[in-house]
Amino acid sequence: MKTIPIVSGQEKPVFDRALIAALPASGPRYTSYPTADRFTAAFGQEQYRSTLALRRSGRPLSLYIHIPFCNTICYYCGCNKIITKDTARADTYLDYLEREMALIAPHLGGRQPLAQLHFGGGTPTFLNDSQLERVFALIRRHFDLLPEGEYSIEIDPRKVSRETVRHLGRLGFNRMSVGIQDFDPRVQRAVNRIQSVAETRAVIEAARETGFQSVSVDLIYGLPHQSVSGIAATLDTVLDLNPDRLALYHYAHLPHLFKPQRRIDTAAVPDSETKLDILQYAVGRLTAAGYLFIGMDHFAKPGDKLAAALKNGRLQRNFQGYSTHADCDLIALGVSGIGKIGNTYIQNEKDIEAYYAAIDQGRLPVLRGYTLNRDDLLRRALIQELMCRFSLDIPTYETAHSITFADYFATELADLHRMEQQGLLRLTPDNLHVTPKGRFLIRNIAMVFDYHLRHKTTQAAYSQTV
């Protein structure tokens with residue numbers, strides 16, 4: 001397949017297959033730096049409390065709530081989830097969410113403004129209407145939702161009626177992410193996710209009727225039995241649904257790590273060349289339809305706030321992916337949730353019984369965390385610039401961090417010069433600029449500046465960079 005120009009921001013990124021094949025195939029997604037595999041159990045509730053005490057009260061916060069339940073299993077999924085059809089289990093879970101919030105609240109300094117809210121899972125819409133009302137009552141007890149805030153929820157269309165969508169709007173949600181993955185019936189059967197176009201369309205139409213500001217859809221490439229012709233049909237349908245944003249994720253087949261994936265026929269998973277064919281076709285199709293490439297695996301309509309944030313240099317990246325808001329401290333509630341306060345990261349217990357036990361003991365359910373040192377902070381800022389703006393103004397960066405770029409990153413410069421020769425970037429004394437060829441490989445460029453990846457081993461299995 002030929003090289004396809006991709007319209008995005010001020011330039012037209014280029015999908016270069018030979019270059020993709022020449023670079024390391026896997027690496028971090030950099031929703032944080034350092035990445036979660038670097039967190040340590042030495043960071044516990046006392047460190048979390050101290051961090052909360054140091055934050056400046058009154059600055060807008062972001063809130064993440066993890067709902068771990070699903071009533072069916074999708075074989076491809078590697079998320080932290082509990083498969084059950086018993087909705088009463090969620091009542092117990094919500095009891096503990098309230099108790100966790102009660103443990104955090106004294107350290108927040110009263111009611112706080114809330115700029116972002118995200119319900120993730122699992123399947124957040126596993127909760128029924130009254131349970132959702134209960135969670136929102138908890139939120140409003142401790143936070144003031146800002147008129148310009150983004151309040152989003154992940155949706156499984158198979159489990160949501162039009163009336164439920166209207167109920168979500170009345171509660172305060174104004175954005176949703178709709179899981180699709182693929183509309184091909186053969187692919188759906190292979191991954192145990194049977195989902196009709198009609199029920200997906202009903203949810204999206206209900207969101208628009210209710211006044212949701214943005215609807216995003218999730219697709220996955222690399223699933224069993226996928227092909228270019230199959231993804232073409234799915235994209236025709238998706239484009240007819242006309243979402244505001246779209247994410248095109250790569251499926252990582254790791255059955256040794258994720259037990260549900262053992263039910264997938266490995267022989268049916270597309271090989272690397274076929275996956276690149278699918279990705280290249282999908283990128284070309286989406287950009288031809290007018291979607292802008294935001295970064296990594298995200299696309300948006302030109303009029304979407306995400307596209308505007310990219311154009312205006314205000315794009316941010318956090319644990320929920322790309323965001324339009326300025327960098328906020330993040331409180332995470334629920335099993336396995338990851339928060340960020342100032343120069344620290346905090347992750348809750350990943351096992352639900354351990355999460356319950358910690359709260360029963362009257363302590364914050366912290367599993368592990370991390371306090372960033374000066375080197376981490378300046379590398380985090382640099383990686384954020386590259387991931388969100390595809391460029392680094394070196395004199396401005398040097399002034400902000402009191403360093404000389406060429407001296408501080410002397411080791412990294414050798415890799416940068418090699419990437420410059422490969423056409424990934426342009427490097428001058430004043431600027432590091434990611435080229436059209438480098439935009440799809442931004443994770444590989446960011447990896448150059450990852451001290452921990454360069455110097456410290458990890459047991460983590462990273463996803464493919466493209």
Legend entry - Flag, side chain of Thr344 to backbone of Lys340, donor-acceptor distance under 3.5 Å: no
Legend entry - Side-chain touch Tyr76/Arg193, heavy atoms, less than 4.5 angstrom: yes
Considering only distance and modelled atom types, tabulate donor-acceptor pairs under 3.5 Å from the side chains of residues 122-129, sequence neighbours left out.
residue : atom : partner : partner atom : Å
Asn128  : OD1  : Ser130  : N            : 3.2
Asn128  : OD1  : Ser130  : OG           : 2.9
Asn128  : OD1  : Gln131  : N            : 2.8

Legend entry - Straight-line distance of Leu453 CG to Tyr30 OH, nearest 0.5 Å: 5.0 Å
Inset, instruction - With the side chain counted from C-beta on, respond yes when Ile278 and Val228 share a heavy-atom pair under 4.5 Å apart, and no when they do not. - result: yes
Inset, instruction - Would you mind reporting whether Asp240 and Arg201 have side-chain heavy atoms less than 4.5 Å apart? - result: yes
Legend entry - Check: Phe449 main-chain N/O paired with Arg454 side-chain donor or acceptor under 3.5 Å: no
Legend entry - For Ile83, side chain to side chain contact (heavy atoms under 4.5 Å, CB included) partners two or more places apart: Cys70, Ile73, Lys81
Legend entry - Ion pair check, Asp450 and Arg443, cut-off under 4.0 Å: no
Inset, instruction - Answer yes or no: is there a side-chain heavy-atom contact under 4.5 Å between Ile264 and Pro255? - result: no
Inset, instruction - For Arg49, check side chain to side chain donor-acceptor pair (under 3.5 Å) against everything at least two apart and list the hits. - result: Gln45, Glu46
Legend entry - Asp351: side chain to side chain contact (heavy atoms under 4.5 Å, CB included) partners, not counting sequence neighbours: Glu353, Ala354
Legend entry - Electrostatic pair Glu150-Lys305, nearest N-O below 4.0 angstrom: no
Legend entry - Backbone of Asn71 reached by a side-chain donor or acceptor of Lys85 within 3.5 Å: yes
Inset, instruction - Please round to the nearest 0.5 Å and tell me the distance separating atom CG of Leu223 and atom CG of Asp184. - result: 10.0 Å
Inset, instruction - Please work out which of the three classes, parallel, tilted or perpendicular, describes the rings of Tyr355 and Tyr93, given edges at 30° and 60°. - result: tilted
Legend entry - Check: Leu382 main-chain N/O paired with Glu385 side-chain donor or acceptor under 3.5 Å: no
Legend entry - All ring pair (Phe, Tyr, Trp, His ring centres under 6.0 Å) counterparts of Phe143, not counting sequence neighbours: none
Legend entry - Asp236 side, atom CG; Phe183 side, atom CZ - distance, nearest 0.5 Å: 11.5 Å
Inset, instruction - Please step through side chain to side chain contact (heavy atoms under 4.5 Å, CB included) for the pair Glu205 and Val165, ending with a clear verdict. - result: CA-CA 10 Å; Glu205 288 177 350; Val165 173; over 6 Å; no
Legend entry - Check: Asp86 main-chain N/O paired with Thr84 side-chain donor or acceptor under 3.5 Å: yes
Inset, instruction - Might you work through the side chain to side chain contact (heavy atoms under 4.5 Å, CB included) test for Ile104 and Glu100, ending with a clear yes or no? - result: CA-CA 6 Å; Ile104 293 173; Glu100 182 185 3; 4.2 Å; yes
Legend entry - Sidechain N-carboxylate O distance under 4.0 Å for Glu163, Arg166: yes
Legend entry - Side chain to side chain, Tyr345 and Leu372, heavy atoms closer than 4.5 Å: yes
Inset, instruction - Could you list the residues that satisfy side chain to side chain contact (heavy atoms under 4.5 Å, CB included) with Lys259, not counting sequence neighbours? - result: Arg262
Inset, instruction - In sequence, state the C-alpha distance, the side-chain angles, and the governing distance for Asp156 and Arg158, and then conclude on salt bridge (charged side-chain N to carboxylate O under 4.0 Å, His left out). - result: CA-CA 5 Å; Asp156 181 348; Arg158 301 172 299 168; 2.8 Å; yes
Inset, instruction - Check whether any side-chain heavy atom of Val238 sits under 4.5 Å from a side-chain heavy atom of Leu246, and report yes or no. - result: yes
Inset, instruction - Check Gly337 against Ala332 and note the closest heavy-atom contact, atom names and distance. - result: C-CB, 3.7 Å
Legend entry - Residue Arg162 excluded, over 12 heavy atoms near CZ under 6.0 Å: yes
Inset, instruction - Please examine the side chains of Val187 and Gln181, heavy atoms only from C-beta on, and report whether any two atoms are closer than 4.5 Å. - result: no
Legend entry - Tyr322 side chain vs Met387 backbone, donor-acceptor pair below 3.5 Å: yes
Legend entry - Under 3.5 Å donor-acceptor, Gln347 side chain and Leu367 backbone: no
Legend entry - Short side-chain donor-acceptor distance under 3.5 Å, Thr72 and Asn192: no
Inset, instruction - Check the side chains of Asp376 and His452 for a donor-acceptor pair under 3.5 angstrom, ignoring hydrogens and angles. - result: yes
Legend entry - Side-chain donor/acceptor of Asn343 to backbone N/O of Thr371, under 3.5 Å: no
Inset, instruction - Check side chain to side chain donor-acceptor pair (under 3.5 Å) between Glu98 and all other residues, then give those that pass, not counting sequence neighbours. - result: Arg134
Legend entry - Summary of ring pair (Phe, Tyr, Trp, His ring centres under 6.0 Å) pairs that have at least one residue in residues 222-241, sequence neighbours excluded: none
Inset, instruction - Report yes or no: does Arg317 contribute a side-chain atom to a donor-acceptor pair with the main-chain N or O of Arg29 at less than 3.5 Å? - result: yes
Legend entry - Contacts of Thr234 that satisfy side chain to side chain donor-acceptor pair (under 3.5 Å) - sequence neighbours left out: Asp182
Inset, instruction - Find the distance between CG (Leu310) and CD1 (Ile294) and round it off to the nearest 0.5 Å. - result: 5.0 Å
Legend entry - Stepwise side chain to side chain donor-acceptor pair (under 3.5 Å) test for Thr274 and Asp271: CA-CA 5 Å; Thr274 302; Asp271 60 23; 2.7 Å; yes
Inset, instruction - Answer yes or no: is there a donor N or O on one side and an acceptor on the other, between the side chain of Asp329 and the main chain of Leu61, under 3.5 Å? - result: no
Inset, instruction - Show the numbers, then the answer: is there a side chain to side chain contact (heavy atoms under 4.5 Å, CB included) between Gln116 and Arg175? - result: CA-CA 11 Å; Gln116 291 179 305; Arg175 296 180 180 273; over 6 Å; no
Legend entry - Separation between CD1 of Ile155 and CE of Met176, rounded to the nearest 0.5 Å: 4.5 Å
Legend entry - Set of residues satisfying ring pair (Phe, Tyr, Trp, His ring centres under 6.0 Å) with respect to Tyr356, sequence neighbours excluded: Tyr96
Legend entry - Heavy-atom check, side chain of Arg245 versus side chain of Leu306, under 4.5 Å: yes
Inset, instruction - Would you please name every residue forming a side chain to side chain donor-acceptor pair (under 3.5 Å) with Ser152, sequence neighbours left out? - result: His118
Inset, instruction - Write down the atom of Gln213, the atom of Asp244, and the distance for their closest heavy-atom approach. - result: O-OD2, 4.3 Å
Inset, instruction - For atom OH of Tyr249, decide whether the heavy atoms of other residues, nucleotides or ligands shown that lie under 6.0 angstrom number more than 12. - result: yes
Inset, instruction - Locate the shortest heavy-atom distance separating Cys77 from Pro260; write the atom from each residue and the value. - result: O-CG, 4.4 Å
Legend entry - Test side chain to side chain contact (heavy atoms under 4.5 Å, CB included) applied to Leu145 - qualifying residues, sequence neighbours left out: Leu114, Phe136, Ile139, Arg140, Tyr151
Inset, instruction - Mind checking the CD1-CG spacing from Ile341 to Leu52? Nearest 0.5 Å is all I need. - result: 5.5 Å
